[in-house]
2 protein chains.
Amino acid sequence: MTLKSITQEKIFAAATQAFEEKGFAGARMQEIAARAGINQALLHYYFRSKEKLFDAVFAALAATMFDKLFGCFSNDLPLERKLQMFYNEHISFLQEHPHLPTFVLNEINQNPQRLAKIFGAERIDLMVQNVFRQLDDEIQSGNIRPVDKTQLFINVIALSMFPFLARGVLEMLFQQNVNFNDVIERRKTELAQFIMNAVKNK
Amino acid sequence: MTLKSITQEKIFAAATQAFEEKGFAGARMQEIAARAGINQALLHYYFRSKEKLFDAVFAALAATMFDKLFGCFSNDLPLERKLQMFYNEHISFLQEHPHLPTFVLNEINQNPQRLAKIFGAERIDLMVQNVFRQLDDEIQSGNIRPVDKTQLFINVIALSMFPFLARGVLEMLFQQNVNFNDVIERRKTELAQFIMNAVKNK
DNA sequence: GTCTATAGAAGGATAGAC
DNA sequence: GTCTATCCTTCTATAGAC
């Protein structure tokens, strides 16, 4: 997606907000037009249909999310430092885009083939294999137990993403006792240690 | 909700499926009627509106989810055994209701006050405090480090729920290499050890 | 490019017969 | 209780003037 005009950018920003918050089915073209300060006709002039507008937004957001996710892993630090950096960067990123995981995960669950259109299978496999290779190195060098890499990978991202997926529930469970942002903030520094304790050789 | 007639049960079952899979905004009354083998008029005869039908379904599903979640913690086993039992039971439950976490979490994020209508604040606090008290005991007796109980609680449920929230993404990331159900199955036995390693005193 | 006006489709809800 | 037929509102999309 290349955004050529100011109006197009405004539409795109408005659509991003609306789709992120309410999903494809819940978002309304009228609301998007209003947020962009235009009318529906102009909306359709730029993006021919709701579906096409959604595709454009989804492609951009999914790419952002996955690039950030795997980008945080692309360095040659030892695992503990890598995790510290990952959680710090990744959670900071999610704080700025709190609806992103819910949006991307839901829409992919609704329509799995959407993702394949954006990332080729090869590119995905490359990113995952890169992470796995790094974990293999750690195992080889005896820094961590010979863990199941798939499971560990899931655990690592579960711990950063889950609170954003479950925010409403968590706020209700803990009520006035705890502040959501404080809880999130602490995770930036504590999760790396949590993981390391779980997997390191003793 | 007390279901008085067969038709009412069929509607309720059909609505449960539809809402779980597509959410409130995405589900269609026509589709629910069809799945229940009736027409829309009859649907409205039993449940006056989509909103009311949704409320009934949501109340039942949210109650199911939270009862199961906290129910798995209600025993006096030592932490490691408790976690083994929790993950085994909870993940088995989620395998039977794979859409439940996505549905409940999303709808609460969309509309947080819905949950308060179902569970009173006191009841919620009681369930959480009960779990926290158990963790305090473990800390007192020196079995585990003096961890942040809120964080640990989040981590424990994140690890069982996240794969179901992210199923579409995970299936794409791992593609033909891994089978989703196999991955889930292994978590029933491995997660308790993962947590214990992370938190136990050495 | 942007607007007003409106067409057209889809979805939720109701009237009334049986 | 259950159906057919239909209404009404909401939403997406387009026509046509400027």
Side-chain angles (χ1 to χ4, degrees), chain A residues 1-61 99 103 106-107 110-111 113-114 117, chain B residues 1-61 99 103 106-107 110-111 113-114 117:
Chain A
M1 264 295 300
T2 26
L3 299 174
K4 290 158 195 165
S5 77
I6 291 244
T7 303
Q8 204 170 6
E9 277 170 35
K10 278 194 204 154
I11 293 172
F12 197 82
T16 299
Q17 270 195 48
F19 285 132
E20 259 194 336
E21 287 172 19
K22 312 199 179 166
F24 178 78
R28 295 290 167 254
M29 293 295 266
Q30 171 48 39
E31 188 206 342
I32 293 172
R35 286 210 216 192
I38 57 164
N39 57 51
Q40 287 196 53
L42 201 52
L43 237 182
H44 283 83
Y45 172 80
Y46 280 98
F47 300 85
R48 296 179 51 79
S49 69
K50 185 183 182 183
E51 184 80 25
K52 287 199 191 351
L53 176 52
F54 179 85
D55 282 348
V57 169
F58 177 79
L61 292 187
H99 300 291
F103 171 73
N106 284 343
E107 298 297 341
Q110 284 299 317
N111 198 340
Q113 65 273 33
R114 251 199 260 270
K117 283 192 222 159
Chain B
M1 263 295 301
T2 27
L3 298 175
K4 291 158 194 164
S5 76
I6 291 245
T7 303
Q8 204 170 7
E9 277 171 35
K10 278 193 204 155
I11 293 173
F12 197 82
T16 299
Q17 271 195 48
F19 284 132
E20 259 193 337
E21 286 173 20
K22 313 200 178 165
F24 177 79
R28 295 289 167 252
M29 293 295 266
Q30 171 48 39
E31 188 206 341
I32 294 172
R35 286 210 216 192
I38 57 165
N39 56 51
Q40 286 196 54
L42 200 51
L43 236 183
H44 283 84
Y45 171 79
Y46 280 98
F47 300 86
R48 295 179 53 81
S49 69
K50 185 183 183 183
E51 184 80 26
K52 286 199 190 354
L53 176 53
F54 179 85
D55 283 348
V57 169
F58 177 78
L61 292 187
H99 300 292
F103 171 73
N106 284 342
E107 299 297 341
Q110 283 299 317
N111 198 341
Q113 65 273 33
R114 250 200 262 268
K117 284 192 221 160

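Quick note on labels: first sequence line is chain A, next is B, and so on, each numbered from 1.
With K52(A) contributing its side chain and H44(A) its backbone, the two residues share no donor-acceptor pair below 3.5 Å.
Atom-to-atom, CZ of F54(B) to P of dA13(C) comes out at 14 Å; the value is rounded to the nearest Å. Distance K52(B) NZ to dA13(C) C1': 13 Å, rounded to the nearest Å. When the C1' atom of dT14(D) is taken as reference, atom CZ of F47(A) falls 18 Å away, rounded to whole Å. Rounded to an integer number of Å, the gap from NZ of K50(A) to P of dG8(C) is 21 Å. Separating the CE atom of M29(A) from the C1' atom of dA13(D) is a distance of 8 Å, rounded to the nearest angstrom. Atoms CD (E51(B)) and P (dA13(C)) sit 9 Å apart, rounded to a whole Å. Atom pair Q30(B):CD and dT6(D):P shows a separation of 17 Å (rounding to whole Å applied). One interatomic measurement links the two molecules: CG of N39(A) to C1' of dA7(C), which rounds to 16 Å at whole-angstrom precision.
Heavy atoms of A33(A) sit nowhere under 4.0 angstrom from any nucleic acid atom. Residue A25(B) is out of contact with every strand shown, counting any heavy-atom pair closer than 4.0 Å.
Applying the 4.0 Å criterion to OP1 and OP2 of dA13(C), one finds that H44(B) has a side-chain N or O inside that range. Checking the phosphate oxygens (OP1, OP2) of dT2(D), a side-chain nitrogen or oxygen of T7(B) falls inside 4.0 Å. Proximity of Y46(A) to the phosphate of dT2(C): a side-chain N or O atom is located under 4.0 Å from OP1 or OP2.
Side chain of S49(A), nearest nucleotide from dT2(C), dA13(D), dG12(C): dA13(D). Ranking dG1(D), dG12(C), dC11(D) by closeness to the R28(A) side chain, first place goes to dC11(D). Checked against dA13(D), dT2(D), dA13(C), the side chain of L42(B) finds its nearest nucleotide in dT2(D). The A41(B) side chain lies nearest to dA15(C) when the options are dC11(D), dG12(C), dA15(C).
A side-chain contact (heavy atoms from CB on, under 4.5 Å) with L53(B) is found for one member of Y46(B), F58(B), F19(B) and no other, namely F19(B).
Residues R28(A) and K50(A) are in side-chain contact: their nearest non-hydrogen atoms beyond the backbone lie under 4.5 Å apart. K10(B) is not listed as a side-chain neighbour of I38(B), based on a closest heavy-atom distance of 4.5 Å or more.
In this structure, F24(A) CZ and Q110(A) CD are separated by 11.0 Å, a value rounded to the nearest 0.5 Å.
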